[in-house]
Amino acid sequence: MEISEKLLCLFSTNVTEEEDRYVIEVPRREVETGDIDPGNIYRVALIAREETESSNDSAGRSTRPSEPQPPVEVGETRYVEIEDIGKQGDGIARVERGYVIIVPGAEVGERVKIEVSEVKSNFAVGEIIEETF
């Protein structure tokens, strides 16, 4: 399956019925990361969930096929451009599928080489190892 570069976020959710309509809930983290804004209109694609049970990856972690994996790994190095500053003053970069990498000490507009030091399902933290201009 090909995924568009315009994809702002990807998550799993339930479709619920409310009177004469069906509703999907957008996780709060998708709004808080700045990818989407309440009140705006977005195009939504629905993909059928595979009915397979959770499995374990090579490291023994449980994986679910319906949830996308982070596009970065601990120890990986990348060049990123800082697009925004977070509430705590850290630089914010976005990579594939709008995935957020927090870069402490970076400023908006900087292009830096980072090493990923921490990976979570919806964001990662990267340490600057080289500043580029």
Side-chain angles (χ1 to χ4, degrees):
M1 169 178 16
E2 187 174 323
I3 298 176
S4 169
E5 290 293 320
K6 295 179 181 179
L7 181 68
L8 296 176
C9 60
L10 182 62
F11 56 88
S12 296
T13 190
N14 292 321
V15 177
T16 57
E17 187 174 0
E18 288 184 6
E19 297 178 17
D20 64 339
R21 63 188 177 151
Y22 294 93
V23 178
I24 61 168
E25 291 187 25
V26 177
R28 178 175 297 279
R29 72 177 180 269
E30 299 300 338
V31 176
E32 290 174 349
T33 60
D35 293 335
I36 58 176
D37 296 312
N40 287 351
I41 296 174
Y42 297 92
R43 190 177 310 177
V44 176
L46 301 174
I47 302 170
R49 181 177 151 208
E50 294 180 31
E51 291 297 326
T52 59
E53 292 185 26
S54 295
S55 61
N56 290 332
D57 66 11
S58 60
R61 295 175 299 228
S62 177
T63 59
R64 294 178 53 192
S66 62
E67 292 182 8
Q69 296 300 307
V72 297
E73 296 179 359
V74 171
E76 182 177 340
T77 59
R78 286 214 178 194
Y79 287 95
V80 297
E81 185 168 340
I82 306 304
E83 300 175 9
D84 203 354
I85 296 293
K87 294 176 185 174
Q88 316 236 324
D90 298 324
I92 303 289
R94 288 186 176 80
V95 293
E96 296 89 82
R97 301 185 320 264
Y99 186 80
V100 171
I101 300 179
I102 299 170
V103 184
E107 299 292 329
V108 173
E110 281 186 310
R111 184 163 169 77
V112 293
K113 183 176 182 181
I114 61 160
E115 181 174 340
V116 177
S117 59
E118 183 178 350
V119 176
K120 302 288 185 184
S121 63
N122 58 338
F123 74 94
V125 177
E127 305 299 325
I128 297 173
I129 56 176
E130 180 181 318
E131 293 188 28
T132 60
F133 300 96

Engineer: Nearest 0.5 Å please: distance from the CD atom of E19 over to the CD atom of E17.
Structural biologist: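 Here the interatomic distance stands at 10.0 Å.
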
Engineer: About how many Å separate CD of E115 and CD of E130, when rounded to the nearest 0.5 Å?
Structural biologist: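 One finds 12.5 Å between CD of E130 and CD of E115.
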
Engineer: Checking one residue: I114. Which other hydrophobic residues are in its cluster under the side-chain 4.5 Å linking rule?
Structural biologist: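 When side chains under 4.5 Å apart are linked, the cluster holding I114 also contains V72, V74, V80, I82, V95, Y99, I101, V103, V112, V116, V119, I128.
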
Engineer: Would you name the heavy atoms of F123 and I102 that are closest together and state the gap between them?
Structural biologist: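 Distance-wise, the nearest heavy atoms are CD1-CD1, 3.7 Å.
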
Engineer: Ignoring hydrogens, what is the shortest heavy-atom contact between R97 and P71? Give both atom names and the distance.
Structural biologist: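 It is NH2-CD, 3.8 Å.
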
Engineer: Is it true that Y79 and I129 fall in one hydrophobic cluster, defined by side-chain heavy atoms closer than 4.5 Å?
Structural biologist: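 In one cluster: no.
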
Engineer: So, for T13 and E25, which heavy atoms are closest and what is the spacing to 0.1 Å?
Structural biologist: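 That would be OG1-O, 3.1 Å.
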
Engineer: Looking only at non-hydrogen atoms, find the nearest pair between K120 and P70 and report the distance.
Structural biologist: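 So the two residues come closest at O-CG, 3.5 Å.
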
Engineer: Please report the closest heavy-atom contact between P104 and G126, naming both atoms and the distance.
Structural biologist: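 Closest heavy-atom pair between P104 and G126: CD-O, 3.5 Å.
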
Engineer: Can you tell me how far apart NZ (K113) and CZ (R78) are? Round to the nearest 0.5 Å.
Structural biologist: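 One finds 13.0 Å between NZ of K113 and CZ of R78.
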
Engineer: Should we say atom OH of Y22 is surrounded by more than 12 heavy atoms from elsewhere, each under 6.0 Å from it?
Structural biologist: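 12 or below, so no.
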
Engineer: Ignoring hydrogens, what is the shortest heavy-atom contact between E83 and V108? Give both atom names and the distance.
Structural biologist: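 Residues E83 and V108, closest heavy atoms: O-CG1, 4.1 Å.
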
Engineer: Are any non-hydrogen side-chain atoms of N122 and V100 less than 4.5 angstrom apart?
Structural biologist: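 Contact flag for N122/V100 side chains = no.
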
Engineer: Residues in side-chain hydrogen bond (donor to acceptor under 3.5 Å, both in side chains) with R43, at least two apart?
Structural biologist: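 None.
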
